[in-house]
Protein chains: 2
Amino acid sequence: MNFQQLRIIGETVKHNFNLTEVAGALNTSQSGVSKHIKDLEEELGVALFERKGKRLLGLTEPGRELLPIVERMLTDTRNIKRIGEQFSQRDEGEICIATTHTQARYVLPPVVSRFRRDYPKVRLVLHQANPREIAAMLLDGSADIGIATETLAAEPQLASFPYLRWNHGVIVPKGHPLAGVTPLTLDAIADYPIVTYDTAFTGRSRIDKTFAAAELSPDIVMEALDSDVIKTYVELGLGIGIITAIAYDCARDPGLDLLDACHLFEPSVSRIAIRRGRTQRDFTYRFIELLSRDLTEANVRSGAAES
Amino acid sequence: MNFQQLRIIGETVKHNFNLTEVAGALNTSQSGVSKHIKDLEEELGVALFERKGKRLLGLTEPGRELLPIVERMLTDTRNIKRIGEQFSQRDEGEICIATTHTQARYVLPPVVSRFRRDYPKVRLVLHQANPREIAAMLLDGSADIGIATETLAAEPQLASFPYLRWNHGVIVPKGHPLAGVTPLTLDAIADYPIVTYDTAFTGRSRIDKTFAAAELSPDIVMEALDSDVIKTYVELGLGIGIITAIAYDCARDPGLDLLDACHLFEPSVSRIAIRRGRTQRDFTYRFIELLSRDLTEANVRSGAAES
DNA sequence: GATGCTTACGATACCCGTAAAGATA
DNA sequence: TATCTTTACGGGTATCGTAAGCATC
């Protein structure tokens with residue numbers, strides 16, 4: 001048994017059992033991949049892959065049992081590598097943060113610039129993605145930290161921590177009649193066409209639930225992926241907008257008014273997630289501490305320890 | 001990085017950083033061991049071992065961080081191997097049970113013979129040892145199951161399960177005056193010289209605590225490692241014995257009487273332990289089920305899952 | 001016929017062990 | 001001096017990639 005064989009097992013599952021792709025992903029030859037699999041199966045005395053003739057179709061039962069162990073070993077090799085980097089180049093390296101638009105645009109900038117000042121030699125990669133992709137990136141190791149509002153909590157392999165509470169607010173063009181309605185009500189909102197987030201983004205599910213609970217069916221005329229697009233179309237008069245309150249800035253958005261809606265929508269909680277079992281660089285913990293002073297390295301470590 | 005390097009790191013720590021011994025343990029040459037260490041340190045970019053000149057003295061800080069991961073990888077290699085065996089030879093293999101004298105002599109025989117009938121092709125190795133050695137054998141992987149009364153629960157790497165409650169009893173030569181004392185009292189026992197277990201064995205600590213709580217200082221004239229030796233010397237008239245009640249059999253011990261002492265000593269609990277994170281063979285779970293029908297595979301698995 | 005897996009074979013690199021040299025107690 | 005580690009070097013082996021053969025779709 002050797003590491004190449006383990007890598008091949010892992011990649012084979014990832015690439016739908018297409019060994020040609022696997023060879024490409026590992027920059028090696030198909031023949032080598034094929035032989036490695038055969039050798040390992042021979043050494044263990046069991047077939048790991050279901051075959052139809054020469055094609056691989058899936059894992060056998062022993063293969064399914066093996067897979068989680070193989071994956072743990074692969075992450076452990078990366079952990080070992082990371083410990084090496086950690087000590088050989090304390091303040092150098094790379095940190096990849098997978099996050100949604102809202103966080104990247106409105107919350108992270110001060111944290112990022114602070115981090116860059118503290119760790120000028122660390123390459124900071126921001127990867128904007130939707131919550132599902134963020135979870136996938138954490139799981140496959142391509143991201144160190146994930147930040148999102150929608151459920152990162154579902155996956156047991158991830159440890160997630162709340163770090164920011166925020167509310168939805170309603171934005172309207174300056175002088176819009178809705179601005180005169182005080183206090184704002186759901187019924188009043190539902191009278192106008194609405195522009196808001198796409199499903200599975202930035203608390204959209206919470207918006208839907210709130211209207212459903214009030215037995216209202218709002219007229220959603222546009223679903224966007226980010227607050228900036230929503231603001232643009234609200235300014236054009238397409239309708240009123242429901243966005244994160246933190247995305248509104250009276251100086252930058254002179255054509256819009258933000259109407260408080262704390263009493264209408266429950267607050268949302270954005271979470272930070274990391275992969276359990278992954279050894280993190282020191283500066284990764286520092287980044288998380290910058291996001292929330294409660295999330296000290298000790299707290300994050302103990303939260304990630306279970307399972 | 002390769003497996004041989006990881007094995008070498010692990011063995012080096014085990015053998016007090018003597019590379020000559022390590023080479024012996026892995027049947028290879030010192031030079032190879034030395035080079036592997038150097039190569040790995042070079043690859044990671046950090047020194048893993050503290051050195052004084054050419055001698056290795058201990059782990060550096062990165063080495064200490066690395067060690068648990070290396071050990072997990074080594075147990076994972078064994079886990080993979082075990083999965084192979086599990087499926088290629090379902091009912092063949094080896095099971096090693098580390099246990100104390102009392103269990104081996106009085107509790108395990110029926111279980112062992114039943115297991116041998118069910119799994120005739122499994123080589124069953126019984127290894128008699130003291131509780132500390134039992135824990136060590138589980139930790140280093142040389143035993144599958146450990147059984148003992150004294151604390152196996154202390155080590156977080158081990159998962160232990162209670163499976164047998166038992167009481168201490170007093171044995172006396174037939175016709176001994178103590179047999180007339182009913183109910184038996186601690187004071188009455190303390191009047192006679194006592195033969196019992198060595199410290200750290202078969203609930204000896206419980207015996208001591210019981211007398212201490214009653215402010216008695218019993219005259220312990222002999223400390224033995226097992227009940228059979230105690231019985232022998234009680235029969236010779238050296239004193240009265242305090243042993244596990246399960247070690248007395250009126251048919252086999254015609255010269256002795258067992259006096260009930262349930263009301264004097266708290267019951268002891270014998271425990272079964274396995275190593276967390278170790279993949280167990282099917283028949284290992286079957287063996288545990290034979291010991292206690294409550295300890296089903298599902299229960300044991302979930303109990304071993306934490307941490 | 002196109003794609004995908006396996007087998008055969010030659011080149012390369014890696015790992016191992018012997019032997020000699022250097023360091024430590 | 002005896003023990004232990006490192007360095008140097010040669011032999012063997014395993015791994016890799018090319019190329020050809022063969023099965024599946």
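Chain letters run A, B, ... following the sequence lines, proteins first and then strands; every chain starts at 1.
- The two residues B/Gln89 and B/Arg281 make their nearest non-hydrogen contact at O-NH2, 2.9 Å.
- Applying the side-chain hydrogen bond (donor to acceptor under 3.5 Å, both in side chains) test to A/Thr75 and every residue at least two apart in sequence or in another chain returns nothing.
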Please tabulate, for side-chain N and O atoms in residues 55-62 of chain B, each donor-acceptor pair with protein atoms closer than 3.5 Å (sequence neighbours left out).
unit_1	atom_1	unit_2	atom_2	d
B/Thr60	OG1	B/Ala47	O	2.6
B/Thr60	OG1	B/Leu48	O	3.2
B/Thr60	OG1	B/Gly63	N	3.3

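- Within the 4.0 angstrom heavy-atom criterion, base atoms lie near A/Ser29.
- The closest side-chain donor-acceptor pair between B/Thr102 and B/Thr100, if any, does not fall under 3.5 angstrom.
- Side-chain N or O atoms of B/Glu43 include one that pairs as donor or acceptor with a backbone N or O of B/Met1 at under 3.5 Å.
- Side-chain contact between A/Ile83 and B/Leu44: absent, with no pair of heavy atoms (C-beta onward) separated by less than 4.5 Å.
- No hydrogens or angles were tested; on distance alone, a donor-acceptor pair under 3.5 Å links the side chain of A/Arg55 to the base of D/dT24.
- For the residue pair A/Gln30 and A/Ala23, the shortest heavy atom distance occurs at N-CB, 3.6 Å.
- When the C1' atoms of four end pairs are superposed on the next four at each end of the helix from C/dG1-D/dC25 to C/dA25-D/dT1, using five pairs per end, the two resulting axes differ in direction by 40°, to 10°.
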- [ ] Could you encode protein contacts along nucleotides 6-14 of chain D as a string, one character per nucleotide from 5' to 3', using B for base contact, S for sugar-phosphate-only contact and - for no contact, with a heavy-atom cut-off of under 4.0 Å?
- [x] BB-------
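- For the segment residues 42-49 of chain A, the set of residues with a heavy atom within less than 4.0 Å of an atom of DNA chain D is empty.
- Scanning DNA chain C 5' to 3' for nucleotides with an atom closer than 4.0 angstrom to a non-hydrogen atom of chain B gives a first and last hit of C/dC15 to C/dA25.
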